[in-house]
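Notes for the one structure printed next.
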Amino acid sequence: ATRPDWLAPDAAGPPATFVQRGILPDENVRALLAQRHRLVILSLLPAIAMPALRHRDGGVFLAHRSLRAGWDDAARAAVAAECVELLPLAPEAVAAVVEPLVERLLAGGTAVAVCTAFRHVPEPLQFRREAGGMTLRESIRHTNLQAARLSQRTGCFVLDLDRPLAHEGGAPLHADCFGGSARATEIALDEFASLLFDALPDGLALAEAG
């Protein structure tokens, strides 16, 4: 996961020292997106909900939950000592910086979908913003609205996970905006399968689904 404003050719990449030490995976998202794909699904959630960190040498990365779970004590200490946290992007800013990427992929013949996020955030709201700012739930609602507007402006698809998950309810599903299992996974896979049939040519979609 990365932020769309870090995908520009002149943007800072992840800190090389952390990649060399195994704190960060050796992945090049810009190179991945430069390859030819039939379908690309983009999530706006990481840019508003996950800690964004800048290394003292200038590199940047998102410290998502699964990444942090793999750190040992030495890695956590290195991140705390060598990095500062950046402010998250506002939903409008995320949409503004991801729109050129969507248009570039569409122009190259790639089907693009923007993924919405389930608004459920478990209580207590440990993600509440200070100084009158939006809660995470409110930020997600605004971000999902931006996904719909991106679709209107660019013609990209929307992988709408919020609608079907909200219909079932977060508590019964034991799911929140960061994921779930069991029934929540089944619902998400159903929505993904529907997207494949909409976004890909008929013959190709059937082959992929098979």
Side-chain angles (χ1 to χ4, degrees), residues 1-8 11-15 18-19 23-33 37 39-55 59-71 75-76 79 83-102 104-105 112-122 125-129 133-151 154 156-162 165 170 175-181 184-185 188 191-192 195:
T2 188
R3 287 193 351 181
D5 55 326
W6 296 345
L7 292 174
F18 278 9
V19 174
I23 296 174
L24 296 178
D26 186 9
E27 297 175 347
N28 189 329
V29 180
R30 280 179 284 201
L32 177 64
L33 288 173
H37 301 281
L39 172 66
V40 170
I41 301 176
L42 302 170
S43 174
L44 308 184
L45 177 65
I48 68 162
M50 296 181 182
L53 301 174
R54 183 181 299 279
H55 191 263
V60 288
F61 64 100
L62 285 179
H64 52 86
R65 187 166 56 183
S66 60
L67 178 65
R68 298 197 306 269
W71 289 345
R76 293 189 188 92
V79 171
C83 299
V84 295
E85 189 164 338
L86 306 175
L87 291 175
L89 292 181
E92 295 79 6
V94 179
V97 294
V98 83
E99 186 166 346
L101 171 62
V102 171
R104 185 170 73 249
L105 289 168
V112 180
V114 179
C115 181
T116 64
F118 187 20
R119 285 168 290 169
H120 176 62
V121 180
L125 285 177
Q126 66 268 41
F127 300 104
R128 192 176 298 278
R129 302 275 177 87
M134 289 189 293
T135 65
L136 179 58
R137 183 179 298 153
E138 292 166 336
S139 292
I140 290 172
R141 181 167 58 83
H142 284 271
T143 303
N144 289 350
L145 178 60
Q146 292 299 324
R149 289 175 174 169
L150 267 175
S151 177
T154 66
C156 70
F157 294 91
V158 175
L159 175 55
D160 191 358
L161 299 180
D162 183 50
L165 290 170
D176 63 13
C177 62
F178 295 112
S181 59
T185 301
E191 291 300 310
F192 176 68
L195 172 67

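All residue numbers in this chain count up from 1 along the given sequence. All of these numbers come straight from a predicted model, not from anything done at the bench.
Listed by chain and number, the residues in a side chain to side chain contact (heavy atoms under 4.5 Å, CB included) with Pro25 are Glu27, Leu67 (sequence neighbours excluded). With sequence neighbours excluded, the residues forming a salt bridge (charged side-chain N to carboxylate O under 4.0 Å, His left out) with Asp162 are Arg119, listed by chain and number. Applying the salt bridge (charged side-chain N to carboxylate O under 4.0 Å, His left out) rule to Arg68 yields no partners; only residues at least two apart in sequence or on another chain are considered. Checked against side chain to side chain contact (heavy atoms under 4.5 Å, CB included), Leu87 has no partners two or more places apart in sequence or in another chain. Every residue two or more places apart in sequence or in another chain was checked for a side chain to side chain contact (heavy atoms under 4.5 Å, CB included) with Ala96, and none qualifies.
Here the straight-line distance linking atom CZ of Arg137 with atom CZ of Arg141 works out to 10.5 Å at 0.5 Å rounding. Separation of atoms OG (Ser66) and CZ (Phe178) is listed at 11.5 Å; rounding is to 0.5 Å. The CD1 atom of Ile140 sits 14.0 Å away from atom CG of Leu145, with the distance rounded to the nearest 0.5 Å. Here Leu62 contributes atom CG and Thr2 contributes atom OG1; the two are 5.5 Å apart, rounded to the nearest 0.5 Å.
Ala175 and His120 get closest at one heavy-atom pair: O-CD2, 2.8 Å. The two residues Gly180 and Thr185 have their closest heavy-atom pair at O-OG1, 3.5 Å. When all heavy atoms of Arg76 and Trp71 are compared, the pair lying nearest together is NH2-O, 2.9 Å. Residues Phe118 and Cys177 come closest through the heavy atom pair O-CB, 2.9 Å. Listed here is the closest heavy atom pair of Pro14 and Leu24: CB-CD1, 4.0 Å. Scanning both residues, Val102 and Cys156, for their nearest heavy atoms gives CG1-CB, 3.8 Å.
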Subject >> side-chain contact (heavy atoms from CB on, under 4.5 Å) between Asn28 and Leu32, worked out >> reply: CA-CA 6 Å; Asn28 189 329; Leu32 177 64; over 6 Å; no
Original post:
Do Ile41 and Leu195 pass the side-chain contact (heavy atoms from CB on, under 4.5 Å) test, and can you show the C-alpha distance, the side-chain angles, and the key distance before you say yes or no?
Top reply: CA-CA 10 Å; Ile41 301 176; Leu195 172 67; 3.8 Å; yes
Subject >> Full working for side-chain contact (heavy atoms from CB on, under 4.5 Å) between Val121 and Asp176 >> reply: CA-CA 5 Å; Val121 180; Asp176 63 13; 5.7 Å; no
Subject >> Criterion side-chain contact (heavy atoms from CB on, under 4.5 Å) on Ser151 and Val114, from CA distance to verdict >> reply: CA-CA 8 Å; Ser151 177; Val114 179; over 6 Å; no
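Residues Phe61 and Ile23 form no side-chain contact, since every pair of their non-hydrogen atoms from C-beta on lies 4.5 Å or further apart. Between Leu39 and Phe157 the shortest side-chain heavy-atom distance does not fall below 4.5 Å. Put simply, the side chain of Leu101 reaches to within 4.5 Å of the side chain of Leu7, judged on heavy atoms. Counting heavy atoms from C-beta on, the side chains of Leu89 and Arg3 come closer than 4.5 Å. Contact check for Leu44 versus Pro91: no side-chain heavy atoms found under the 4.5 Å cut-off.
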Under 3.5 Å donor-acceptor pairs involving side-chain atoms of residues 45-55, not counting sequence neighbours:
residue	atom	partner	partner atom	Å
Arg54	NH1	Gly58	O	3.4
His55	ND1	Asp57	N	3.0
His55	NE2	Glu82	OE1	2.7

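In this structure a side-chain-to-backbone donor-acceptor pair under 3.5 Å is missing from Trp6 to Ala11. A donor-acceptor distance shorter than 3.5 angstrom exists from the side chain of Asn144 to the backbone of Ala117, with no hydrogens or angles considered.
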